[in-house]
Structures are given as C-alpha cells and as structure tokens.
Amino acid sequence: MNPALKVLKERGFFQQCTDESILNGMLEKGEVRFYAGFDPTGPSLHCGHLVPLFAMAHLQKFGHKPIALVGGGTARIGDPSGKTEMRKMLTVEQVKENAESLKKQIARFIRFDENEALLLDNAEWLASLNYIDFLREIGRHFSVNKMLTFESYKKRLETGLSFIEFNYQLLQSYDFLILRRRYGCTLQIGGDDQWGNIVAGMDLIRRLDSAEVCGLTFPLVTRSDGKKMGKTEKGAIFLDAAMTPVYDFFQYWRNVADADVGKFLKLYTFLPTAECDALGARTDAGINEAKEILAYELTKIIHGEEEADKARNAARAVFGGSGGSREGMPSLEIPAAELENGINVLDLFAKTSLCASKGEARRLIAGGGASVGETKVTDEKMTVTADDVTDGEIILKAGKKRFFRIIVV
RNA sequence: GGGGAGGUUCCCGAGUGGCCAAAGGGGCCAGACUGUAAAUCUGUUGGCUUACGCCUUCGAAGGUUCGAAUCCUUCUCUCCCCA
C-alpha cells in the first residue's frame, strides 16, 4: 500500500474512498494534486476542521500538492449536508472577511511555500457564473431523482430545503471540475458528510472530461461520550485565540475522555503512530499524563510553542503539577486603589469570565464552589481587600477546574 | 392561491386569564467520589437587590382586562393537506 494512504488509514483518517486501488495507484505514481474545502461561514475555523487540516498536512508531507479551497462563493448559499436547519445567509462582506481569517489559520497546517500548495477561493469562478450557461453545461448532468436519494437531502425534505441549498451539490461538483481543469486536481478529501457531493463531482468530471478522479472521506469524529466534537455549551472550540483563549483550548483537550486519548493523538498531533497507541493504552496516572501531551502538542501546532508552554504552565500551576507558572491563566488587571476600599466578592467574580452575572456568582458561592486564593467563600457579603493579595495577584477559583487571575496594578 | 396546525426560558417539551420566572426531561454549572477522566448520587439553573421587592422573558406590534404565555386584531416565520 502506498505509504501516504497507509498513514491516513493507520491514524484514523480513512472512512471510505471511491476506488481504493485507483487511489492507491494514483498516489504511487507521483505527486497528486488534491483539495479540501472550507466554508467561511464563521470568522474562525473550529475543532471540526482539524481533521481535514491534519489530513492535508500528512499528504503534503508525502509530497502531494494541496489546494485549500475557501468556499467564498458557496458559503453564500449554505450546504445542507448534515444540517437539520436552514443556514443563515451571510452577506458578501462577511464571507470575505471570514475567508481572510481562515487563510491564516490554514497556513498553520499547510506550507504554502512548498509542493506548489495553493489557497483558492471558489468565488473566483462561481461569482461570475451565468445562470443559463450553467444550467446548460452543468445542470443537465444532474438527476433530481438521484439527488433526492442522498441521505442528506432526504432528511432535509422532512423539514424543508430551499432551492439554493439544493444546488450546493452542483456548485461543489463544479469546483472539483474547475480545479481539475485548471490545476490538475484529481483527489478531493473531506468529511464523510461530503461523500455525496464528492461522488457527484467525480461523476460530473467523468461525463464532461472523461477523466478519472478520486474521493476520500474521513470518519465523523465522535467523542466516546457521544457528544459532539469540539463543542461546549458555550459554543464551539475555535482556533482563533480571540474567540477561544489558548488556556481554554488547552483545557478542552486536557479533559478529553480516557477512551479518546489514543484516537485523538493520532488525529490531532503529528506524533508517531506507535507512540500515540502506546500513550492511549496507558491507564491511571499514565493516561492523565497522556492527555497533557495531547493538549500540549495540539496547542503548539495551533498557537505556537510559546503559547502552548504558557497554557501548560498555567494548568500545572493551578492543578499542582511541577514547573507551573500562572502567566497563561485568564487574567484581569485591577488598580490597587480599588482594592483599598475592598471589592465585594460577587462583584469581583462577575467581572471575570468565571461568572456571567452576580446571580451566577451567588449560586456558585451557595454551592460551595467559589474560592479566593485558598479560602473558600462562604459568605456572599465577603469583601476582597488588599489583604487577599499574594505576590501582586489574587487567584479566584470557580469549582476545581476554572481559575482566574486578578493582577493588581 | 385555499384549508389546517404551530412558534414557550440553552435544547426538547408542558402550560390555554391571576397559585407562572413558567411542570418535566436533557444539557450546563457546582458539591461528594476521583486521576483536571468516566459512571453514580446531591444541589442549582433570567437579571438587579442584604432583603421586602423590582425589572426583562413565552415569534412581532397593537388591543381587551384590575391582571395576559394564556382572550382579540394585524403582521411574520415554520410545518401539513389541497390546487
């Protein structure tokens, strides 16, 4: 088997492909131009996008030529695949802005200075399409009957599917067609929810250009507890530090379930497969340590080594490990003068990201989950003063895991 | 175009004039147990207030009423049936 394909399989990136022997042969034969799409529906990529990013990085390491396609054109429509509700329409400006920030994040995974890696925006060819021409040339090759048999559309038929969303498959197929014609792209990779769209693109290319191309999908990553990957109640875990602080990002991965550690190490780090398996097979204190490795390695890739160190040190400081430093902990500066008069605990907690309101702070205290420094807060009328300051800062705790650093200036 | 059913707090879902900040479940947060895990049990879960209480919330805007999530009018969105 081709080594690149082997790595993808070993690491859990392989769900299904259109024809394995053809794909294998293609990869063996030489550098393959491949693409994966990213929808700029938000200003930042989130954890759900990590799998295709890592897959692209792996393939590039084997010399294959990646195209990261930002869906500046398609994002204006919305893909119904896997969605149960209609997507919000975005304005052209929003999409453009989003596309810009996605590019920077993708660049952390793909080296655009090597292997002729490309970053394209499908608005380039979609925006100027002529409706009539498109129907004549592309639309006639699609059978509505066939499209309706796709699982993703079936589901949407129950709740409602607008015509423009229904057209998504045509546009994505057209993307593939254009990329093959212009850049010789012969492989599309994506999440398994994209299977239908990928196959449709393949069919279109076979019909119009009589050319053979391949598709490969990744499994939908699930957590062992059945919850959605990369989602918390506060929303998705984003790659942008402004949206998900590095410390929170680190902590998310630090807290994954035991059963997921090995799988996630293979998917979300570049550590050798054997090492990932070994780490994931650990138990007790060992698995706990493996989680730190997972969190650290991934944070390093997304936010850089310096930030990853900070986050790890902050976590260690908080949870009592060695080599701790509080620098990476979420923090807030408060003038010393304010402390002179004393600040009510409720007000102080409500100011931080620990509590959204004073009511929430009150509940936290009532539940016995709030601490100032090492002292548990038992009275909501308590006042925090300069006496509580240690080394120029006050550490607030909400529960065992959430910490906040007040820096006195 | 005609007819019907609906839009409730983070989600699902009760509520059909005052006892409703709104049942129940899920989730979230916290406590116990632990390994910053899982499972389990317990508590909590709109905002402000020391408190009495006040304010905002039941698709939107008006109206009836001492009082509306609940009644009326208009608008809007979703689903279903017919054309």
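Throughout, protein chains are lettered first and strands after them, A, B, ... in sequence-line order, and every chain is numbered starting at 1. Model, not experiment: these values are computed from the prediction.
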Integer angstrom distance from the [atom1] of [N] to that of [M]:
| N | M | atom1 | result |
| --- | --- | --- | --- |
| B/rG17 | B/rA30 | C1' | 38 Å |
| B/rC12 | B/rU8 | C1' | 11 Å |
| B/rA38 | B/rG31 | P | 14 Å |
| B/rA69 | B/rG63 | P | 15 Å |
| B/rG7 | B/rC75 | C1' | 14 Å |
| B/rU78 | B/rC71 | C1' | 24 Å |
| B/rC81 | B/rU70 | P | 29 Å |
| B/rU45 | B/rA21 | C1' | 12 Å |

Using a cutoff of under 3.5 Å, can you pull out all pairs of nitrogen or oxygen atoms linking the protein to nucleotides 54-58 of chain B, with atom names and distances?
none

Can you give me the N/O atom pairs linking the protein to nucleotides 46-48 of chain B at distances under 3.5 Å, or say none if there are none?
{"from": "B/rG47", "atom 1": "OP1", "to": "A/S357", "atom 2": "OG", "distance (Å)": "2.8"}
{"from": "B/rG47", "atom 1": "OP1", "to": "A/R363", "atom 2": "NH2", "distance (Å)": "3.3"}
{"from": "B/rG47", "atom 1": "OP2", "to": "A/R363", "atom 2": "NH2", "distance (Å)": "2.6"}
{"from": "B/rC48", "atom 1": "OP1", "to": "A/K358", "atom 2": "N", "distance (Å)": "2.8"}
{"from": "B/rC48", "atom 1": "OP2", "to": "A/G359", "atom 2": "N", "distance (Å)": "2.8"}

| query | With nearest nucleotides of RNA chain B determined for A/L346 and A/I287 from heavy-atom distances, which residue corresponds to the more 5′ nucleotide? | reply |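 Nearer the 5' end of the strand: A/I287.
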| 5' precedence on RNA chain B between A/E380 and A/N288 (nearest-nucleotide basis) |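 Here A/N288 is the residue nearer the 5' end.
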| query | Side chains of A/V70 and A/N122: does their closest heavy-atom pair fall under 4.5 Å? | reply |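 Not in contact.
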Paired with [N]: which nucleotide, if any, by Watson-Crick or G-U wobble criteria at under 3.5 Å for both distances?
| N | result |
| --- | --- |
| B/rU65 | none |
| B/rA21 | none |
| B/rG1 | B/rC82 |

| task | Keeping to residues at least two apart or across chains, list the ring-ring contact (aromatic ring centres under 6.0 Å, His included) pairs with something in residues 326-354 of chain A. | result |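 Listed by first then second residue: nothing to list.
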| message | Show me the pairs that pass ring-ring contact (aromatic ring centres under 6.0 Å, His included) and involve residues 355-409 of chain A, at least two apart or across chains. | response |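 Sorted result for residues 355-409 of chain A: A/F319-A/F403.
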What's the [atom1]-[atom2] distance between [X] and [N], to the nearest Å?
| X | N | atom1 | atom2 | result |
| --- | --- | --- | --- | --- |
| A/D284 | B/rA37 | CG | P | 14 Å |
| A/Q251 | B/rU36 | CD | P | 11 Å |
| A/F319 | B/rA37 | CZ | C1' | 12 Å |
| A/D260 | B/rG35 | CG | P | 20 Å |
| A/K381 | B/rU50 | NZ | C1' | 5 Å |
| A/D258 | B/rA39 | CG | P | 11 Å |
| A/F404 | B/rU36 | CZ | P | 23 Å |
| A/K401 | B/rU34 | NZ | P | 16 Å |

| Check against ring pair (Phe, Tyr, Trp, His ring centres under 6.0 Å), A/Y183 and A/Y35 | CA-CA 10 Å; A/Y183 305 98; A/Y35 101 93; over 10 Å; no
| field | For A/S128, all residues meeting side-chain hydrogen bond (donor to acceptor under 3.5 Å, both in side chains), sequence neighbours excluded | value |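 None.
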| said: Holding to salt bridge (Lys or Arg N to Asp or Glu O under 4.0 Å), I want the full list of residues that pass it with A/K263, two or more places apart in sequence or in another chain. | reply: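 None.
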How would you list all residue pairs meeting salt bridge (Lys or Arg N to Asp or Glu O under 4.0 Å) that involve [range], not counting sequence neighbours?
| range | value |
| --- | --- |
| residues 359-379 of chain A | A/R362-A/E380 |
| residues 169-183 of chain A | A/E124-A/R182, A/R180-A/D209, A/R181-A/D209 |
| residues 341-357 of chain A | A/E338-A/K351, A/D347-A/K358 |

| query | Which is true for A/A398 with a 4.0 Å heavy-atom rule: it touches a base, it touches only sugar-phosphate, or it touches nothing? | reply |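 Sugar-phosphate only.
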| Is A/R402 near enough to B/rA30 that one of its side-chain N or O atoms lies under 4.0 angstrom from OP1 or OP2? |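 The answer is yes; a side-chain N or O of A/R402 sits under 4.0 Å from OP1 or OP2.
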| request: Respond yes when some side-chain nitrogen or oxygen of A/K400 is under 4.0 Å from OP1 or OP2 of B/rU34, and no when none is. | output: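 False: A/K400 side-chain N/O out of range (4.0 Å or more) of B/rU34 OP1/OP2.
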| task | Could you note down all residue pairs passing side-chain hydrogen bond (donor to acceptor under 3.5 Å, both in side chains) where residues 280-297 of chain A supplies at least one of them, sequence neighbours left out? | result |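 For residues 280-297 of chain A: A/R254-A/N288, A/D258-A/K291, A/E292-A/R316, A/Y296-A/D309.
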| field | Residues in contact with RNA chain B, drawn from residues 290-303 of chain A - heavy-atom cutoff 4.0 Å | value |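 Result for residues 290-303 of chain A: A/K291, sorted by number.
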| query | Roughly how far apart are A/S143 OG and A/D203 CG, rounded to 0.5 Å? | reply |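 Rounded to the nearest 0.5 Å, the OG-CG separation comes to 10.5 Å.
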What donor-acceptor contacts under 3.5 angstrom involve side-chain atoms of residues 129-140 of chain A, with partners at least two apart or in another chain?
{"from": "A/N130", "atom 1": "OD1", "to": "A/I132", "atom 2": "N", "distance (Å)": "2.9"}
{"from": "A/N130", "atom 1": "OD1", "to": "A/D133", "atom 2": "N", "distance (Å)": "3.0"}
{"from": "A/R140", "atom 1": "NE", "to": "A/R136", "atom 2": "O", "distance (Å)": "2.7"}

| query | What residue among A/I198, A/T217, A/L59 forms side chain to side chain contact (heavy atoms under 4.5 Å, CB included) with A/I189? | reply |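 Looking at A/I198, A/T217, A/L59, the match for A/I189 under the side chain to side chain contact (heavy atoms under 4.5 Å, CB included) is A/L59.
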